[in-house]
Structure formats: C-alpha cells, structure tokens
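The figures that follow rest on heavy atoms only: side chains count, while hydrogens, waters and symmetry mates do not.
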Amino acid sequence: MTQLETAMAMLMKTFDTYAAGEGSKDTLSKAEVKTLLEKELPGLLKSAKNPGEVDKLFKSLDFNGDSEVDFSEFVVMVAALTCACHDRGSKK
C-alpha cells in the first residue's frame, strides 16, 4: 500500500477500535472520544488548560447533534487537527 492508503487504513482501524467499546460500533460515544484522545493524542489533552475542552471538542464534532461522533465527523476532526498542527489551514 502507498503511504496515503496506509494512513487511510490506520484512520479506519483506529476509529473502529474505539467505536467497538460501547454502544454502536459505527459511532463514538463521548466516553470513547475521550479515551481515543487520551491514548492517541495525549499531547492535545495536555495542552488543553481547561478540562471542559473535551466536552467543547465533542460538541463541535457532533455536526448532526445525535450525541455521537460518526466516521465522517471523526475524519473532519483529524483533518482539522492536522491542518492546525501544521499551520496549513485556510488562508482566506
């Protein structure tokens, strides 16, 4: 597989691993999002000064308001964090 194909496969595997924890295996609950962030992006949580930041992030990810994060919403989060970390956001 190419590097991009490998990255895509890793995104899918990571989502599936954490989504399998409770409830629907097609979505992440708030607890699953928190666990995923703690284990996969520990630096992000450490840099957040306010413990309420996880709640704020969860609400911003849940575009359809169903109190869960589906794969599309997860991918948007990863893309936004990638842009933020590498200062490649929109230059409007």
| message | Between Leu28 and Val76, is there shared hydrophobic-cluster membership here, with clusters defined by ILVMFWY side-chain heavy atoms closer than 4.5 Å? | response |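 In one cluster: no.
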Do [X] and [Y] come within less than 4.5 Å of each other through their side chains, counting heavy atoms only?
{"X": "Leu11", "Y": "Val78", "answer": "yes"}
{"X": "Glu73", "Y": "Asn64", "answer": "yes"}
{"X": "Asp70", "Y": "Phe63", "answer": "no"}
{"X": "Glu40", "Y": "Thr14", "answer": "yes"}
{"X": "Met77", "Y": "Leu37", "answer": "yes"}

| field | Closest approach of Thr27 to Ala19 (non-hydrogen atoms, all atoms of both residues) | value | O-CB, 3.4 Å
| All ring pair (Phe, Tyr, Trp, His ring centres under 6.0 Å) counterparts of Tyr18, not counting sequence neighbours | none
| request: Calculate, to the nearest 0.5 Å, the distance between atoms CE and OG1 belonging to Met10 and Thr17 respectively. | output: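 Between atom CE of Met10 and atom OG1 of Thr17 there are 10.5 Å.
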| Separation between CE of Met1 and CE of Met8, rounded to the nearest 0.5 Å |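 It is 10.0 Å, given to the nearest 0.5 Å.
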| Under 3.5 Å: donor-acceptor pair, side chain of Glu32, backbone of Gly21 |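 Flag set: sc Glu32 to bb Gly21 pair under 3.5 Å.
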| request: State whether the number of non-hydrogen atoms from other residues, nucleotides or ligands found under 6.0 Å of Glu5 atom CD is greater than 12. | output: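 Atom CD in Glu5 is packed in, count exceeds 12.
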| Does a donor on one side chain sit under 3.5 Å from an acceptor on the other, for Glu68 and Ser29? |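 Ser29 and Glu68 do not have a side-chain donor-acceptor pair below 3.5 Å.
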| field | Parallel, tilted or perpendicular: ring planes of Phe15 versus Phe71, cut at 30 and 60 degrees | value | perpendicular
